[in-house]
Structures are given as C-alpha cells and as structure tokens.
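Ligands are counted one by one from 1 in listed order, and the atoms in each one are counted from 1 as well.
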Amino acid sequence: MQRVRRFTRFRLAPAVYSEARPVEVSAWVVGGEPVPFDEASGQRFEPVRMGMPWGRPWDTVWFDVRGVAPSAWAPEETELVVDLGFTADQPGFQAEATAYRPDGSIVKAIEPLNAWVPLPQSGPFRLLIEAAANPVVQVPYEYEPTLLGDPRTSGDEPRYTLRRLEVARRDLVVWELLQDVYALDGLVGVLPPEGIRRAAIVSALERMVDVMDPDDVPGTAALGREVLAPVLSTKAPASALRVSAVGHAHIDCAWLWPTRETERKVARTFANVLDLIERDPEFVFAASSAQQYAWLKDGQPGLYARVRDAVAAGRIRPVGGMWVESDTNMPGGEALARQFVLGKRFFLEEFGVVSDEVWLPDSFGYSASLPQIATAAGARYFVTQKPSWNETNAIPYSTFLWEGIDGSRIFTHLPPAETYNSDLDGPDLARAERNFSEKGVAHEVLGLFGWGDGGGGPTREMLAMAARKADLDGSPRIRLTDPTSFFRAAEAELPDPPVWVGEMYLELHRGALVSQQKTKRGNRHSEALLRQAELWAATAAILKGATYPTAQLEDAWRTVLLQQFHDILPGTAIAWVHQDAEAGYARVESLLEGLIETALAALTGDGDVPLAANAGPLAQHGVPAMGIGPASAPVPATPRVEDGVWVVEDDRLRVVVDDRGVLVSVRDRVADRELLPEGTAGGVLQLLRDTPREWDAWDINEEDQRSGQELLEPTRVHGDNDAVVVRHNIGKSTVDVRISVVDGHLDLAFDIDWQESQKLLKLAFPLDVRADRAASEIQFGHLHRPIHRNTSWDAARFETVAHRWIHVGEPSWGVAIANDVVYGHDLRTVAAPSGRPMVMARLSLLRAPRYPDPSADQGRHSFTVSLRPGGIPEAVADGYRQQLPPRALHGAPVAPLVVVSNPAAVVEAVKLAEDGSGDLVLRLYEAHGDRCEATVTTSVNWDAVEATDLLECPTGAGAVQRVEPCRVEVSLRPFELLTLRFRAPRAAA
Ligand SMILES: [Zn+2]
C-alpha cells in the first residue's frame, strides 16, 4: 500500500490536469468591508502576476480574469483552476472566493479542496473573482490568544499568496481512476487485515500500479481502471448497513468569522450545490436556518431564484424549521418557540415547504423542553450528532424516541458516523457501522456529507465516492436521498424504539453557559423586552385601536434569534462577533423601548397618577398580572449593627452579615428555620482557576476548581441606606455587593469591574436542606437533576443550565435562588462542618477565557441574585420578579387584557397573530409540574377560541372549553404548553 499511495499521490493526482493555458489577471483591493458586485466591477483593476502576496486579514480582493477556453477541449474537461494560497487547514476556515460572470451572476465558489470553476463554452471568457482574505484564526487548535479575531487588531500583513490561475484541461479518465483508488484505499484502511476482501483490493491496487506507466499516466489510466473494475463491481452482502447520504454544509452563522462573512459563505455554498445538482440527478442537499436563506434573498437575489427552483424540484431541502441552529440551553421558552415560528413561516411563505424535522447537529446539549416545543411546531423528527462529543458517557441509542419534561416524544436519530462533515470515505462509514446501537434490529442510518462548519458543502469527489459505494462489498450501501425519506425508513424498521428521557446534556463545553456575559445579558434582557413590547402593543391594539408594530417586532425577533446561534449566545466566537452581538442587542433595546413607551402611552393617556405596568404573569406590588395600576412597592429593611455584625430583617427573613462581608445567618422567621448550615457562610464569592485543557471559551474543567480562593477579606463593609455594602478588591478588579432584605427576599446586587484572566467567579450558598435532587428552570417548566455522584453520568454533570431560578427542597420547605442573568449553576450534596450532608448551590457569574477572544468578559458587569425560602411556586414567581420588575409611569390604570385564575398556569406570551388578522394569541404553560385547571378571562369578547400549534393553526385539542363569551376553561398536564387563539370579531358582511 505504501507503493500504491506514493504512486497515487505523486503520479496519479498531478496528472489530473493534463494541459494548461495562462490567463490575464488584474486586481482591485477593496481595503475594507465587502462591496456588491456592481460597485466592485466598476473599479480600476491593476495587472498582477502569480506569486503576488494578497489579503490583509478580513479584506477582500477582486480579481478580473480574462482567458480563452481552447476549442479543442471538451466543455466538461475545461475549467479555471485556482490556488489563492490555500493552506492545508480545513476548508471554510481560510481564504475562499466567489466567481462571477461579467453580468454579475455567480458561477461557483473557489475553495481549498474545490478550487475549480467550470468554463462551459470555448473561446474568450471573463470572470470576476471576489476573494475573501479570511485569516486562519487557529486550526488546528492550540488555543493561544490571537488578535486575528478583531479587524482593529488583526494587522495589515497579507495572509496569502496568489499561486495559480489558469485554464486547465481535466483528464476525465485519470480523474475517475483517482476516485476509484480513493474509494478502495479507504476500504483497505478499515477492513479486517485477515479477511479475503481486503487482500483482494490490495492485490488489485498493486496490479493497477503494475500495468500503468508512471511516465504516461494519461495513456495508461484506462488500463488501470480496467484492472480495478472487478473489485469495484463486487456487491455488498444483503446484511450491509444502509447509509442514507444527504448532502449538507454546516455553516456556522458566526464563529471564527463575523455574520457578514457568513452571508458570503452561504452564497458560495449554494453556488457549489447548484453546480453539483446539474451534474448528478440523484444528489439532494439539505440546508437549515431560514436566516441563511433570508441573507441570500437580500444579498444575492439571482442565486436565490435558482435556489427556489431547486427547492421546488426537491433537490434542495430546507430543513430544521428554525430561524438558526440555535443553542437550546439558554434561549427562553418563548424565544425557542419563535425559532420555529419564524423559521417555519419563512420556509412556508418562500418555498411552500413544511419541514418535519429539527436539525441541530452541532448545538452544545439539548434541553428537555425541546421535544414539546418541536412537536408543538409540527416537527416529527430530530437529528443531532453532538452528544458523540461527550467526554465521559455515550448515549446508548442511535435511533430512539426522545421524551421531554411534559411527556412529548420525538423520533430522534444520532448519525453514528458522528460527523456532519463526512466525505463518505471508509473511516466515516466504518465508524457508522461500529457505533450504530440498533444494528441488531435495524439497518438505516443517516450520513451527512459535505464540507462544513465554515460551509463549502459537498464536492464532485464526494459524489464519486457515493456512486462507487452504492453497492460495494466491504462498505455500507450508500443511497443519495433526503432526510424525510431516511426518517420514514428508519421509523418503519424500528416500530418499538428505545426511549431517552430528559435532557441530552453535553458532557463538554460547560463553560459556554458563562463565557461572554454581556452577550448573555443582552439575550435575557431582550427576551424580557420582547415580552413587554408584544404584550403592551397587543393590549393597545385591542383596547385602543393602536397599530400593532408587526414589522418592528419581527425585526427585533430576527436579531435576537440570530444571536442565539450556537456559537454566539454560548460566547465561543471571536471578538468581532461579540461586538456585533452587543451592538445588535443595543439596537433591539432602543427599538423595543420605543415600542413599549408608545404602547403604554396609548394605554394610560395623559393623566399624572403614579402607576406601575406589570408585564409579568403574576401580580406584583399590588398590580395585577399584565395590568397597569397604582403600585405599592415594598420597602426594603434598614440594616443595623448588632454585636459587631450587620443585621437586616423584615417580618419574614432575618439576615446577618459579618465583617468578612458574607452571610453567617439567613433565618426564615415564619418557619423558624435557618437556611445556612451551622458553621458555614453564604453568598461567598469564589475566585477559581480556569485554565482548561482545551476549548478555552467552551470548557470548564472540574479539576481547575480545586484551586482558588474565597473572597473573605473585603476592603470595606458599610451600611448604605437600605443595604449592607461590601467591597472586594482583587488585583485590578473590584466587586461591590449590596445586600438587602425586601418583602421576604434576600437580594444581592453585584456591580463588578472584571479585569481577570482565566478565572472563574462563583457565588456559593451552602443550604441546610436534605435533598438528592434539585430543580432548575428551563423553557416552559423545570428539570430535576440528581445532585449526588452515584454514577459517571451524575459526576459528569458538574455545571448545568438554569434560567431564572433553581430550587432545592424537602417536602414542606425549600429554598429558591433566582437571578437576572445567570445561566451556569452547580448543585451538589457535600458534607457540612457538622459532618451531615448539605446542599452546596453555586452560580457561575463570570469567566475570562483568552481564546478565541483574548479580551472576553473584561469590563463592567452587574447581576442580581435573590434567595428566599419557599417552594416551586415561589421560585417561579421570583424568576419573573427578577426578569420583569414593574415599570413606573403616569396616567390612568388599565385592566389586564387577560386574567388567568391559577398561578400554575403561567402566561409566557401575549401577542397578535402572525398572519395579521388581529386575532389575539396567548401562550401559557403549566409551571409547577402538576395538573392544573384554570379560567382565562379576557376583557373583550371573541368570535371563537381555539387551541393551536406554535404556528397558530388549530390543533383540535380538547384542553380548552369556552364557557362564556369572554371566559375559557383550560386544563393542563404537568408542563403542558398551550397556545390559545382568540378570533377577533369580524365586521358583518
Ligand atoms: Zn456549528
């Protein structure tokens, strides 16, 4: 095989292009952000020669290429071959280019392993090539801090050298022979060495080398193919695994490049795909993310029209039905629902397509709420491969039913090749067979092939590989198909699939719950603003006839949904991306604040009575849920010094802070019970080492947390009106904490100037609670997770997500900890000083990773965390108290549009229907994990009331009963999500 491989590499591969003709090349350097074709094509181009250095980081260079396609060459042999100075690194992570005709239409992309452009007509031609000098930010990863991820610091040094631009003649026989050899060599690598099949292939490859003349590869290639033909025509056995191969290109909406580059990556990838579609009638390409189609529609309408045609022909399949391939740990319930609503609506309106699967191959763990949200959006299937990245445990199934917190189930497949970037070569297919858990009773697996992460997509070489393995001894059978056909076949052959219950926790990338805190704050805050804007705008539209700002709301949602992409919200992108994200959130805030102000002004009029608008689903400060009225805000307790310690108390809570600035007692005065175990301190800040083994912004390593310090020596502890204020100075960082007691809550407000590097800041509360599990809020409900380490699964879950609150309790008493913008938590049972077990609950406030953004998390941050005794209902209420505090204003009170009788039935969204009908849409869910009955009363009459899916289409479900023109009874199962659509009264005909 050494001889075969050397012959292939140094004789066969170089002989693919048998002749070449030079071209004339001139260039125009943009010197900044990308410009459209029309602007570029009108510039002055200067002649250039091969060997020219080009490409300041993130710059664009346009090449004007003029040449002649010789008439003696066949069109399929004739192509422009380009080498922009590509590196050996992964395609999609370096320079790429787009080739345009002089009329501005796109021909195809030019990428490191797909660097040719078809020249179908003989005679003179001209192409314009838009070359993107995307720097290799770091592949392979060494995780060293780099300045390349920010155009302001990335320097001016050209990153590339123009090496090759010529018209070349592709020898089709040599090319086909090369594909034969690649397919067979891939099998040699994976077949058992003692087996007959491998020996036969090796022997055939040897004879291929024997019969060929190394000095005349083109003249002897046909002979070589003849020798290989018998081993390539040996059929696979009946028992062979069946791989449904779907063309794909994973295109991260932003990561080691900004979103503006992704817009071009999408165009390049689709251009490649459209070219391949013409070459292979069986090839089907699946592409997710409505956002990416929307970019193409806006930026490349010509290419988009061709994509639409290919969708209509079934060759391109819009999949996933989400706006982007979002993170699923951190987006709130309504936002995750809107990922589907906006995505599915776009696919339906643009293509008439209803995608029936959820497509999230790469997100960092999968929320236990997702089965319900996905099925409520009409999805039947779910696909991901990311759980294969687990460090410790493997999900024991490849094809199974995934069951969420409410009991919803969705048919799920984890492609056992464990990649979404397959080349369909031997190793990927052998891995698929090795890992396919249901292989005793099933044959069907999904294979996603095509260059991805940075896009690019399938190549003609991959299609050649698929063709050779359609029915080949030693290989799984490859069939080019679409995802739905795969899922139907998989479902049919596995009538009784195994069931996985709860979240698919990713045992890796746990630090993504903490990194880039400002991006996370922007997300949580925007979700709250969106709720308020929709609620008040819908209320103003219905009660006052105000115009509902449909377009502005959609604009805000699109930004927020885009930024929930699985490398933006997790904080794992370059500096540029996070600067863009913060600017996006600032834009959303200003837009939504304007909408809220307008709607509230329309509702309350000109009066000067002090009021509060309560957008939350539960009454606050005496103002009813979702109403506007006079408020009686609770007054915080005044701290006093007693025996050298600070005491703050009201009639429900008594808190003691000592001179170390920590809580030494938190007493529930109603239950007469202490929250903190004896001899412990609460509200302690821990500054821990954070130097991960790899994947810096992504990972927290548990062993790092053995090293660090507790902040117990404040520079000052003093009383300031209604709070005890503690200041810590650590290095160049400062932390100010205001500790107060209000309305039975202990509130800690943090103002932090964070100047650390590779440190993790945790806030710790030891709790005198006996529990072996804890509840964390997730989308539309909560999840109980074990807090012991009985199994490797429990131990691996050392950092977990919670949204607005966590709760630990005994049957009659518990503690809720709520926050305004924290996602990372850890809860463990550990030994208290007494030797008895206690629960240690910690919130992860801040990190400071150095890669891929060396300045991540530097600067000012604020957090509020509250603690109180109570059960799950109190925890739910505290979560909304943190997220939706009443807003002060003046005018006349406004009764709520909707009143829900049972606090367990929580309203998550109030809005007008997506279709512009003026119908009111109300989304609620059961929040306590119990059955509940509730009456929904509206302040106006409706023609009809229906339960709908997330897309606001009636489901015919029986959970709703109308008892009066403006009253509806609903009954909900634990965590059930219910969307109600109130049909607006229509004018009589
Ligand atoms: Zn990705």
### Interatomic spacing from CG in D690 to CG in L846 - rounded to 0.5 Å
11.0 Å
### Query
How long is the gap from CH2 on W402 to NE2 on H413, to the nearest 0.5 Å?
15.5 Å
### Task
For side-chain hydrogen bond (donor to acceptor under 3.5 Å, both in side chains), just list the numbers for W323 and Q291, CA-CA rounded to whole Å, side-chain angles, deciding distance to a tenth of an Å, and then say yes or no.
CA-CA 5 Å; W323 188 250; Q291 169 70 80; 3.1 Å; yes
### Query
Is E261 salt-bridged to R264, going by a charged N under 4.0 Å from an acidic O?
yes
### Query
By residue and atom, what protein N/O/S atoms are less than 2.8 Å from the Zn ion (ligand 1)?
H250 NE2, D252 OD1, D362 OD2, H566 NE2
### Task
Would you mind listing every salt bridge (charged side-chain N to carboxylate O under 4.0 Å, His left out) that reaches into residues 368-392, with sequence neighbours excluded?
D362-K386, R380-E491, E391-R510, E391-R693
### Task
Return the minimal non-hydrogen interatomic distance between P331 and Q779, and the atom names on each side.
O-NE2, 2.8 Å
